[in-house]
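Written out below as structure tokens is the structure these notes cover.
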Amino acid sequence: SIGCICSDEVIVYLLERFRRLFITARPMHLMKAYESAAVCRVQAPSAWSSLSREAKQFYVRLSQRHIHDLGREPTPMQWDVSRHLADMGTPHRNTFRWGPFYVEI
């Protein structure tokens, strides 16, 4: 939802604030913070550049951490597509994690 916030000041406030509160965060909160930082870097580069050096370092370190996630199981349609791709001999992967996001290749 951070990508939908219009104001760079609000984005900076939220990302700076989480950095100070993370000690009480559960894995799902850490993952959402990681997702928010990734979205901020892409959709609001001016907000990212406004973050303090410490905040940027925090999110870089967060990206290097293993954050436990229950994962996501491929849907029946994805298994069907996977089976057809395998029948054709096309290399592919179903629902793997790339950073904070799940990707289909």
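Just so we're clear, the structure is a prediction, and the values are computed from it rather than from any experiment.
Sorted by first and then second residue, the salt bridge (Lys or Arg N to Asp or Glu O under 4.0 Å) pairs with a member in residues 37-64 form an empty list; sequence neighbours excluded.
Pairing each heavy atom of Trp48 with each of Cys40, the nearest pair is N-SG, 3.7 Å. Contact between Leu15 and Ser36 at its shortest, heavy atoms only, is CD2-CB, 4.1 Å. The two residues Ser52 and Arg19 have their closest heavy-atom pair at OG-NH2, 4.1 Å.
Contacts of Ser50 classified as side chain to side chain contact (heavy atoms under 4.5 Å, CB included), with partners at least two apart in sequence or in another chain: Val12. Take Arg83 and apply the salt bridge (charged side-chain N to carboxylate O under 4.0 Å, His left out) test, not counting sequence neighbours, and it matches Asp80. Every side chain to side chain contact (heavy atoms under 4.5 Å, CB included) that Arg17 has, sequence neighbours left out, goes to Tyr13, Leu21. In this view, Gln64 and Val60 satisfy the side chain to side chain contact (heavy atoms under 4.5 Å, CB included) rule, not counting sequence neighbours. Evaluation of the ring pair (Phe, Tyr, Trp, His ring centres under 6.0 Å) rule for Phe58 yields Phe22 as partners, not counting sequence neighbours.
No side-chain donor-acceptor contact under 3.5 Å links His84 to the backbone of Val81.
Between the NZ atom in Lys32 and the CZ atom in Phe18 there is a gap of 12.0 Å [rounded to 0.5 Å].
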